[in-house]
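Down below is the structure, laid out as C-alpha cells.
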Amino acid sequence: MNVGFLGLGVMGRPMALRLVRSGIPLTVWNRTAARAEPLRAAGARVAADPAEVFARTDTVLLMLADERAMDETLGRGTPDFAARVGGRTLVHMGTTSPAYSHGLEADVRAAGGRYVEAPVSGSRAPAERGELVAMTAGDEEAVRSVGPLLAPLSRRTFACGPVPGALLMKLSVNLFLITQVTGLTEAFHFAGRQGLDRRLFLEVLGAGPMASPVSLMKAPKLLDGDFAVQAAALDVLKNNRLIAGAAREAGIASPLLDACHALFEETVALGHGGEDMVAVLRALEARTGA
Ligand SMILES: NC(=O)c1ccc[n+]([C@@H]2O[C@H](COP(=O)([O-])OP(=O)(O)OC[C@H]3O[C@@H](n4cnc5c(N)ncnc54)[C@H](OP(=O)(O)O)[C@@H]3O)[C@@H](O)[C@H]2O)c1
C-alpha cells in the first residue's frame with residue numbers, strides 16, 4: 001500500500017511520524033513546508049503539492065484543520081477533484097460536521113473513489129504514543145483495508161457503521177468532555193468563591209467516585225492557573241459549534257452543551273482562545289464579577 005498523508009499540524013505530524021516509523025511507505029504534504037522536515041528526516045517522501053501525493057499513492061489520510069482546508073486541498077469543485085480521488089481511498093481523520101462528511105463521501109464515490117471517516121479522540125500526547133481512540137465509518141471493505149494504518153495510531157478502533165456514524169460518535173464523546181470539564185471548572189470556581197480551600201476541594205473530588213483521568217488531568221491546571229494548551233478553548237468552541245449544529249439539525253435538545261457554548265464564546269471573546277479549555281474559568285469569573 002502506498003500511503004499519502006496531508007496535514008502535518010499538532011496532530012498530523014506525530015501521527016505521520018508513527019506511520020513512517022512503523023515501516024509504512026509514506027508521501028506527505030503540508031501547506032507550510034517547514035513542518036514536513038521532521039517527516040523527511042524520518043524517511044518519508046515530501047511532496048511539492050497535494051496533486052503529487054495523490055499521483056504517488058492509493059490511500060490518502062487527511063488530518064486537516066477544517067472543511068475549507070479539505071476542499072482546497074482536494075481541489076473540490078474543480079476538475080482536479082476527480083483526478084485526485086478517482087480510484088483512491090480517502091481517509092478523513094479530522095473533525096468536521098457530519099453533514100459535510102456525508103456530502104464529501106457522495107462526491108468521492110461519484111468520482112470513483114472510496115471514502116472512510118476515521119476521526120480520533122485524544123490530543124497530541126496520545127497521538128505521539130499511538131494511543132488515540134479511532135472511530136470508523138464507511139463501506140466495510142474500505143474500512144477493513146485501512147485497519148493496518150489505524151493500528152499504529154490508536155489504542156482501540158471502533159466501527160460505527162455508515163458515514164457519518166464515526167463523526168456523530170466523536171461529537172457525542174466531545175459533548176461529554178466539554179460539559180464535564182466545564183462542570184469541573186464551575187465547581188472549582190464555586191468552591192473558591194465560597195471561601196473553601198480549593199486544593200482541599202480538588203482532593204475531596206479526587207478521592208471520590210467523580211474522579212476521572214480527565215478531572216485528575218485538569219485539577220492541577222486549575223489550581224496552578226496553568227492554562228498551557230492540552231485542548232485549546234478555540235478548538236473546544238469549534239467542536240461545540242459542530243455539536244450544536246448537529247443537534248439543531250436533528251431537533252435534539254442540548255441544554256448543557258448550549259450553556260457551555262455561550263461560556264466558550266465568552267472565553268474566546270475575552271482573549272483566551274489560545275489557552276487550554278480550563279480557561280473557561282475566566283468566563284465564569286467575568287460573569288461573577290469582582
Ligand atoms: N488537537 C487535538 O487535540 C485534536 C484531537 C482530535 C481531533 N482534532 C482535529 O484534527 C484536525 C487537525 O487538528 P490539529 O490540532 O492537528 O490542527 P492544526 O495543528 O491547526 O493543523 C491543521 C492542519 O491543517 C492545515 N491547513 C489549515 N488550513 C489549510 C488550508 N487552507 N489548506 C491546506 N492546509 C491547511 C495546516 O497547515 P499549516 O501547517 O500550513 O497551517 C495543518 O497542517 C482538526 O479538525 C481538529 O479539530 C484535533
Side-chain angles (χ1 to χ4, degrees), residues 4-19 28-39 44 46-54 60-78 80-81 84 91-98 100-101 104 117-136 150 153-157 164 166-178 181 214 217-218 228-243 245-246 264 273-278:
F5 200 107
L6 301 170
L8 304 169
V10 169
M11 294 295 284
R13 192 163 12 160
M15 290 164 69
L17 277 169
R18 285 197 66 84
L19 291 174
V28 303
W29 173 82
N30 194 63
R31 182 182 60 175
T32 305
R35 288 191 166 164
E37 288 312 315
L39 269 299
V46 178
D49 51 33
E52 187 188 338
V53 174
F54 285 98
V60 180
L61 279 58
L62 293 95
M63 195 53 178
L64 292 161
D66 53 24
E67 300 167 4
R68 208 189 72 184
M70 289 180 63
D71 284 348
E72 283 180 14
T73 304
L74 294 170
R76 195 141 173 241
T78 76
D80 290 342
F81 179 75
R84 289 180 190 183
V91 187
H92 169 24
M93 302 198 69
T95 310
T96 62
S97 79
Y100 168 84
S101 179
L104 181 58
E117 235 180 31
V120 291
S121 264
S123 54
R124 183 176 51 81
E128 285 168 352
R129 295 194 298 264
E131 291 178 357
L132 297 168
V133 175
M135 293 145 273
T136 57
L150 301 180
L153 307 178
S154 41
R155 190 154 42 94
R156 296 277 304 271
T157 299
L167 273 166
L168 286 170
M169 188 67 77
K170 158 88 181 159
L171 295 188
S172 304
V173 170
N174 274 16
L175 192 159
F176 183 50
L177 172 70
I178 293 169
V181 174
V214 169
M217 188 168 69
K218 295 302 184 190
V229 174
Q230 289 169 335
L234 198 57
D235 285 341
V236 172
L237 180 58
K238 168 194 151 177
N239 285 323
N240 216 318
R241 280 196 186 118
L242 291 177
I243 302 166
F264 275 95
E275 296 174 2
D276 188 71
M277 66 191 296
V278 292

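Note that ligands are numbered from 1 as they come in the structure, with each ligand's atoms numbered from 1 the same way. Just so it is clear, the model here is predicted, and its values are computed rather than measured.
Looking at Arg31, its side chain never comes within 3.5 Å of a backbone N or O of Gly7 through a donor-acceptor pair. A donor-acceptor distance shorter than 3.5 angstrom exists from the side chain of Lys238 to the backbone of Thr95, with no hydrogens or angles considered. Proximity of a side-chain donor or acceptor of Glu67 to a complementary backbone N or O of Thr96 within less than 3.5 Å is not detected.
Interface atoms of ligand 1 facing Leu64, defined by a heavy-atom separation under 4.0 Å, are 11 (C), 12 (C), 24 (O), 25 (C), 34 (N), 44 (C), 45 (O). Within ligand 1, the atoms closer than 4.0 Å to a non-hydrogen atom of Ser123 are 3 (O), numbered from 1 in the order shown. For ligand 1 and Gly122, the ligand atoms under 4.0 Å from any heavy atom of the residue are 3 (O), 5 (C), 6 (C). Shown in contact with Arg35 at under 4.0 Å from a heavy atom are these atoms of ligand 1, numbered in order with element: 38 (P), 39 (O), 41 (O).
Of the N or O atoms in Asn30, one or more lie within a sub-3.5 Å distance of an N or O in ligand 1. Between Trp29 and ligand 1, not a single N/O pair is under 3.5 Å apart. An N or O contact shorter than 3.5 Å is missing between Val120 and ligand 1 by distance. The shortest N or O to N or O distance between Val10 and ligand 1 is under 3.5 Å. At under 3.5 Å, not a single nitrogen or oxygen of Gln230, backbone or side chain, sits near a nitrogen or oxygen of ligand 1. Not a single N or O atom of Gly94, backbone or side chain, sits closer than 3.5 Å to an N or O atom of ligand 1. For ligand 1, none of its N or O atoms has an N or O atom of Met63 under 3.5 Å away. For ligand 1, the polar-atom distance check finds no N/O of Arg124 at less than 3.5 Å from any of the ligand's N/O atoms. Checking only distances, Gly7 never comes within under 3.5 Å of ligand 1, N or O to N or O.
Scanning the protein for heavy atoms near atom 35 (C) of ligand 1, the closest one is Ala69 CB, 3.7 Å.
Here the CD-CZ distance, from Glu131 to Arg156, works out to 13.5 Å after rounding to the nearest 0.5 Å. Remark: Ile243 CD1 to Ser97 OG distance equals 12.5 Å, nearest 0.5 Å. Atoms CG and CE, from Asn240 and Met277 in turn, are 9.0 Å apart once rounded to the nearest 0.5 Å. For the atom pair Thr78 OG1 and Arg84 CZ, the distance stands at 6.5 Å (nearest 0.5 Å). Between atom CG of residue Leu132 and atom CE of residue Met93 there is a gap of 7.0 Å, rounded to the nearest 0.5 Å. Taking OG1 of Thr73 as the start and CG of Asp80 as the end, the distance is 12.0 Å to the nearest 0.5 Å.
Residue contacts with ligand 1: Leu8 is included, with a non-hydrogen atom under 4.0 Å away. At least one heavy atom of Lys170 sits closer than 4.0 Å to an atom of ligand 1. The closest approach between any non-hydrogen atom of Lys238 and ligand 1 is below 4.0 Å.
Under the salt bridge (charged side-chain N to carboxylate O under 4.0 Å, His left out) criterion, Lys218 pairs with Asp276, sequence neighbours left out.
At a distance under 4.0 Å, a protein heavy atom can be found next to atom 39 (O) of ligand 1. For atom 10 (O) of ligand 1, a protein heavy-atom neighbour is present inside the 4.0 Å cut-off.
Other residues, nucleotides and ligands contribute over 12 non-hydrogen atoms within 6.0 Å of the CE atom of Met70.
When heavy-atom distances to ligand 1 are checked against a 4.0 Å cut-off, Met11 comes that close through both its backbone and its side chain. For Glu72, every heavy-atom contact with ligand 1 shorter than 4.0 Å involves the side chain, none the backbone. Contact annotation: for Thr73 versus ligand 1, heavy atoms closer than 4.0 Å belong to the side chain alone.
Considering only heavy atoms from C-beta on, Leu242 stays 4.5 Å or farther from Leu167 through its side chain.
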